[in-house]
Structures are given as structure tokens and as C-alpha cells.
Amino acid sequence: MTMKTGITMAAEGEGYVAPGPASFDFSEVPLFELGGLAVTKPMVQLVLGAVIVFAFFYAAFRRASIVPGRLQFAGEAAYGMVRNSIGRDIIGSRDFAKFVPYLVALFFFLLINNAFASIPAIQFPTFSRASMAYALAGLSWVIYNGVGIHKHGLIGYLKLQSVPSGVSPVMYPLLVPLEFFSNILVRPATLALRLFANMFAGHLLLILFSTGGLFLIEYGGIGYVAGPLAWVLAIAISFLELLVQFLQAYVFTLLNAMYISGALADEH
Amino acid sequence: MDGNLNMIGYGLAAIGPGVGIGLIFAAYISGVARQPEAQGRLQSIAILGFALAEALAIIGIALAFVL
């Protein structure tokens with residue numbers, strides 16, 4: 001699967017070829033074709049992630065009992081964590097209930113897809129492909145704007161999002177376009193890019209340290225010291241990546257909840 | 001030695017968000033040290049601030065690859 005990563009390229013050429021965006025391009029090595037459409041590894045992972053999340057929660061709550069079993073307990077703890085620390089604390093106890101299914105599904109879908117970066121034999125974060133992250137941010141954009149327009153009406157919602165409160169009207173010509181730009185246009189872009197760039201940079205760093213370590217050992221000399229050191233660092237970075245994977249899933253869901261609560265806020 | 005000047009630019013641009021994120025978590029830690037029971041509220045505020053400061057670094061890395 002890793003035909004285009006630096007490891008094979010370094011073996012073919014004379015010098016070390018640093019990994020780059022090409023290491024994330026699977027379009028030349030599709031897994032199979034489906035109706036003329038080439039299906040690549042990230043696409044399969046995306047579906048696999050959704051299936052795993054569904055299967056876990058389905059299995060956990062299929063036979064829900066008052067005294068929970070081990071699986072149901074794990075499911076309830078996972079559900080309750082997102083429900084309480086993201087849903088209730090951010091959106092507020094009045095409106096949060098109907099958004100909890102979306103937030104829980106989103107959080108665990110992101111978590112499993114990010115965790116694919118560290119799961120042996122998969123080892124590729126799905127959202128290091130920018131298009132996947134854009135699609136997810138687009139969904140969240142539709143949801144928070146839809147919720148806001150549903151509650152305040154189109155004009156009221158635009159006013160809520162783009163007219164800051166407690167500012168003298170003299171400043172409006174300056175602030176209104178800025179607020180509109182920031183709240184409606186830039187939000188989905190930063191939401192998607194944050195997830196994408198973190199996953200991309202982390203995976204790139206891992207490729208760099210592991211293939212670079214191999215190259216240094218093959219190079220000999222000081223490489224016998226530097227190569228294993230690079231591999232030790234790669235292991236350390238893997239643990240850092242585990243933290244980042246969780247944090248990015250959490251931040252993405254938290255910001256979704258925050259945007260929804262901003263769209264639902266009463267006018268001041 | 002070849003490379004892209006964009007990456008040096010990105011390194012410089014990342015200083016700002018780096019300092020910002022450090023300040024945010026410093027404030028969060030001292031807030032929790034003074035008032036441990038407020039951790040739940042402070043945590044989501046700190047993560048929001050972290051996300052906003054990080055957005056600058058992300059815009060930077062996007063531009064470093066695009067430009």
C-alpha cells in the first residue's frame with residue numbers, strides 16, 4: 001500500500017527523498033474499482049469507521065438493561081462523556097438533547113478515523129486527506145446555520161451572527177463585514193483545516209522519522225547513532241500523536257457544539 | 001541543500017500562535033491551581049482559546065503549501 005512513500009523512493013534514487021504531499025496520494029494505487037470509480041484506502045477507512053461506530057453503539061445498547069453489562073457500561077460512559085462535557089456544558093441544558101446524537105456520532109467517528117493513524121496495518125489517518133475534512137466541516141456548516149435560521153429566521157440569524165452587541169453603530173461598517181466573514185465564511189474552513197493539518201503534519205512527521213532513520217542507518221558512519229535516535233523519536237511522536245488524535249476529535253466536536261450554541265443564542 | 005523558503009516563513013509565523021497557546025494554557029493551569037473546582041468550566045474555555053490561536057498556525061501551514 002505504501003508504494004509512494006519515501007521508503008521506496010529512497011531505495012530507488014541515490015539521495016533521501018523527503019516525504020511530502022505525494023505520500024498521501026493513493027490515486028495511483030486503488031484497492032478496487034466500483035462501477036468505474038477507483039476506491040482507495042482512505043475511502044474504505046471512512047466507511048469502516050462509520051461501521052465500527054455503529055456496531056459498537058448497536059452492540060452496547062441492543063439489549064439495554066437496568067444493571068448494565070460491561071459493554072453497555074463502556075457505551076454509557078462514552079455516550080455520557082460527550083453528552084455531559086460537550087453537549088450539556090456548551091449548548092446548555094435547555095436545547096442540548098436533540099444535538100447529542102449528532103455530537104456523539106461525530107466525536108466517535110472522528111476518534112476512530114484519527115486512531116487509524118496508529119492502528120497497525122492501517123496506519124493512515126483518514127482526515128489527512130483534506131477533502132474528507134471539508135465534507136465533514138460542510139455538514140457542520142449546514143447544521144449550525146440551519147439551526148440558527150430555523151430559530152431566528154434568515155434576517156434575524158444574519159443579524160445575530162454579524163452585528164456585534166455592545167458596540168456603537170459608528171463601528172458597524174467596519175465590524176459587520178468582518179463578523180460576517182469570520183462567523184459564516186471562515187469558520188468551516190478553519191474547522192476543516194485544523195483537523196486536516198493536524199492529521200497531515202503528524203503523519204508526515206512519523207513518515208519522516210521512520211524512513212529517515214532507515215536511510216541514516218543505510219548511510220552508515222554517524223548514521224548508526226542518528227538513525228536509531230530518529231526511530232526512538234518516532235516512537236515518542238507516536239505517543240504524542242495519540243494525544244493529538246483524541247484532542248482533535250474533541251476540539252472538532254466542541255467547536256461544533258459551540259457554533260450550534262452561538263446560532264441558538266437569544267439576541268442580546 | 002535545497003528546500004522551500006515558504007517553510008522558513010511558516011516557522012517564523014508559528015512563533016506567534018506558539019506563544020499564544022503557551023499563554024492560554026499557563027492561564028488555565030494557574031486558574032485550576034487557584035480554584036480546582038472550576039476546572040470543568042475553564043477547560044472548555046481553554047480549549048476554545050487554544051483552537052482559535054491554533055487557527056492562525058493552520059492558516060499559516062495552508063498558505064505555506066499553497067503559495
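Naming convention: chains lettered A, B, ... in sequence-line order (proteins, then strands); numbering from 1 in each chain.
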*Asks:* Let me know if A/Phe196 has heavy atoms under 4.5 Å from chain B in its side chain, its backbone, both or neither.
*Replies:* neither
*Asks:* Could you work out, with salt bridge (Lys or Arg N to Asp or Glu O under 4.0 Å) as the rule, every residue matching A/Arg94, not counting sequence neighbours?
*Replies:* A/Asp266
*Asks:* If the contact rule is any heavy atom under 4.5 Å from chain A, which residues of residues 44-56 of chain B qualify, in numerical order?
*Replies:* B/Ser44, B/Ile47, B/Leu48, B/Phe50, B/Ala51, B/Leu52, B/Glu54, B/Ala55
*Asks:* Does atom CD1 of A/Ile222 have more than 12 heavy-atom neighbours, drawn from other residues, nucleotides or ligands, at distances under 6.0 Å?
*Replies:* no
*Asks:* Output the residues of residues 11-27 of chain B for which the shortest heavy-atom distance to chain A is under 4.5 Å, in residue-number order; output 'none' if no such residue exists.
*Replies:* none
*Asks:* Using non-hydrogen atoms and a 4.5 Å limit, figure out which bit of A/Leu191 sits close to chain B: side chain, backbone, both or neither.
*Replies:* neither
*Asks:* For a quick test of your reading: what N or O donor-acceptor pairs under 3.5 Å do the side chains of residues 76-90 of chain A make, sequence neighbours left out?
*Replies:*
residue : atom : partner : partner atom : Å
A/Glu76 : OE2  : A/Gln72 : NE2          : 2.9
A/Asn84 : ND2  : A/Gly80 : O            : 3.4
A/Ser85 : OG   : A/Met81 : O            : 2.9

*Asks:* Checking A/Leu254 against chain B: side chain, backbone, both or neither under 4.5 Å from a heavy atom?
*Replies:* side chain
